[in-house]
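Have a look at the structure below before the remarks.
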Amino acid sequence: MINQINNLLRRLITAQIVALSDEDQVRFEPPDQGWRTYVANLTGESGPLNGLNIYLADMRENRALRSNERIREFGNGGFTEIPPPRYVDCHYLISAWNPASLGQTSNPAIEPAMVEMALLSDVTRVLMDNEPMIPRRVYGESGLPADFPEAVADSEFHMAILPEEGFPQLAEFWGTVEWRWKPVVYLVVTAPVLFTTRAIEGAAVVTKEIRLRQRDVAGSLQRWFQIGGRIFEAANPQNLIAGARVRLVEREQ
């Protein structure tokens, strides 16, 4: 699901920010020397282009959203069970890069830091304006990519944009990629991890029990049972017996 989230973010940004409208401007690699070389050589018809780096810095399970509920579907003489999705918080650091900040131009009219701050402002606005992200709405008339799961196409992907606590290892991060401190948009996207449908052997039997009794009256307990299921031919377990009746007999001890 991580690749689909990355592509969803790229689509959202390139569709709504003119200065980042080329998909080649938005990438998800570490902002190291390789990335800086890439930005230094990133050009379009009108000249050098800005780059936006969206780096997945951390992933953690969101245990507050964990559920034990199972989804069951009946059919063909049996049923399947779909485990509930788990949820993962994807922590992104989004940084803007102007080629002039890399020493690629000496034009005094360009103030790289101001250009980059304007890009971060636009990114923040677009993210906040589209929270939660809904994939089908983001892709619009162009339609979902072929590999995007239809099961979550209309789901809400919640985002924490600029969390109050900030990214705790930001100084270490910039030290690791050997670059001076840059401001970032810290983004956390909560994404589902979908599981495969599992076939359950045998037919489902549903049992309900109702108990009634008068308070403080010994021996007044009454119990009703309702047992539901389906009956199949012993010789051919795939053939359902229509209109079958079952009688429950209590054996003497």
query: At what distance, to the nearest 0.5 angstrom, does OG1 of T43 lie from CG of L49?
result: 6.5 Å

- prompt: Heavy atoms, side chains only, cut-off 4.5 Å: are H158 and V189 in contact?
  reply: no

query: Would you say K182 and W97 make side-chain contact, with heavy atoms under 4.5 Å?
result: yes

- line: Q16 and R125 have their tightest heavy-atom pair at O-NH2, 4.2 Å

- prompt: Other than Y87, what residues sit in its cluster of Ile, Leu, Val, Met, Phe, Trp and Tyr side chains whose heavy atoms are under 4.5 Å apart, directly or through others?
  reply: L65

message: Let's go through N41 and Y38 carefully: what are the C-alpha distance in whole Å and the side-chain angles of both, what is the deciding distance for side chain to side chain contact (heavy atoms under 4.5 Å, CB included) to 0.1 Å, and is it a yes or a no?
response: CA-CA 5 Å; N41 295 283; Y38 175 81; over 6 Å; no

field: side chain to side chain contact (heavy atoms under 4.5 Å, CB included) assessment of E178 paired with D32
entry: CA-CA 7 Å; E178 300 179 347; D32 54 13; over 6 Å; no

- request: Given side-chain hydrogen bond (donor to acceptor under 3.5 Å, both in side chains), test T176 with E172 step by step and report yes or no.
  value: CA-CA 6 Å; T176 300; E172 292 88 341; over 6 Å; no

- request: Please tell me if the side chains of V193 and M1 come closer than 4.5 Å, counting only heavy atoms from C-beta onward.
  value: no

query: Do the side chain of S220 and the main chain of Q214 share a donor and acceptor less than 3.5 angstrom apart?
result: yes

query: Can you check whether E29 reaches N53 side chain to side chain, under 4.5 Å on heavy atoms?
result: yes

Flag side-chain contact, heavy atom, 4.5 Å: L221 against L212: no

task: Following the transitive rule for hydrophobic clusters with a side-chain heavy-atom cut-off under 4.5 Å over Ile, Leu, Val, Met, Phe, Trp and Tyr, establish whether V185 and V18 coincide in one cluster.
output: no

task: Go through the steps for N6 and Y92 under the test side-chain hydrogen bond (donor to acceptor under 3.5 Å, both in side chains), then give the verdict.
output: CA-CA 10 Å; N6 290 347; Y92 290 97; 2.6 Å; yes

message: Starting from W181, can I reach W35 by hopping between I/L/V/M/F/W/Y residues whose side chains sit under 4.5 Å apart?
response: yes

- request: Identify the heavy atoms of M59 and V88 that sit nearest to each other, and give their distance.
  value: CE-CG1, 3.9 Å

field: Approximate separation, where rounding is to 0.5 Å, of R11 CZ and S142 OG
entry: 3.5 Å

query: Rounded to the nearest 0.5 Å, what separation is found between the CD1 atom of I54 and the SG atom of C90?
result: 12.5 Å

query: Going through the checks in order, is the side chain to side chain contact (heavy atoms under 4.5 Å, CB included) test met by Q25 and L42?
result: CA-CA 8 Å; Q25 295 178 261; L42 189 60; 4.0 Å; yes

- request: Indicate the atoms forming the closest heavy-atom contact of P192 with V152, along with that distance.
  value: CG-CG1, 4.1 Å

- line: Closest non-hydrogen atoms of V184 and L162, given as atom of the first, atom of the second and distance, are O-CD2, 4.3 Å

field: Hphob cluster co-occupancy, M117 + V123, side-chain heavy atoms under 4.5 angstrom
entry: no

field: Neighbour count above 12 (heavy atom, 6.0 Å) for E165 CD
entry: yes

From I161 atom CD1 to L127 atom CG, the distance as rounded to the nearest 0.5 Å: 5.0 Å

- prompt: ring pair (Phe, Tyr, Trp, His ring centres under 6.0 Å) with F173: which residues, sequence neighbours excluded?
  reply: Y55

Nearest non-hydrogen partners of P31 and V177, listed with the distance: O-CB, 3.8 Å

message: Parallel, tilted or perpendicular, judged at 30° and 60°: which one describes the rings of F148 and F157?
response: perpendicular

task: State, without any angle test, whether S101 and E116 hold a side-chain donor-acceptor pair at a distance under 3.5 Å.
output: yes

task: Side-chain contact test, heavy atoms from C-beta onward, threshold under 4.5 Å: evaluate it for R86 versus E61 and give yes or no.
output: yes

message: Please say yes or no: joined through hydrophobic side-chain contacts below 4.5 Å, possibly via intermediate residues, are I2 and L52 part of one cluster?
response: yes

- prompt: Going from CG on L187 to CZ on F167, what distance comes out if it is rounded to the nearest 0.5 angstrom?
  reply: 12.0 Å

query: Shared ILVMFWY cluster between L8 and I134, side chains joined below 4.5 angstrom?
result: no

field: Validation row: D154, P135 side chains within 4.5 angstrom (heavy atoms)
entry: no

message: Set out, in order, the CA-CA distance, both residues' side-chain angles and the distance that settles side chain to side chain contact (heavy atoms under 4.5 Å, CB included) for Q4 and N7, then state yes or no.
response: CA-CA 5 Å; Q4 285 84 358; N7 290 329; 5.8 Å; no

Point-to-point distance, once rounded to the nearest 0.5 Å, from CZ of R136 to CG of L144: 5.0 Å

- prompt: Is the CZ atom of R213 crowded by more than 12 outside heavy atoms at less than 6.0 Å?
  reply: no

- request: Kindly indicate whether the side chain of V126, heavy atoms from C-beta on, has any atom under 4.5 Å from the side chain of I17.
  value: yes

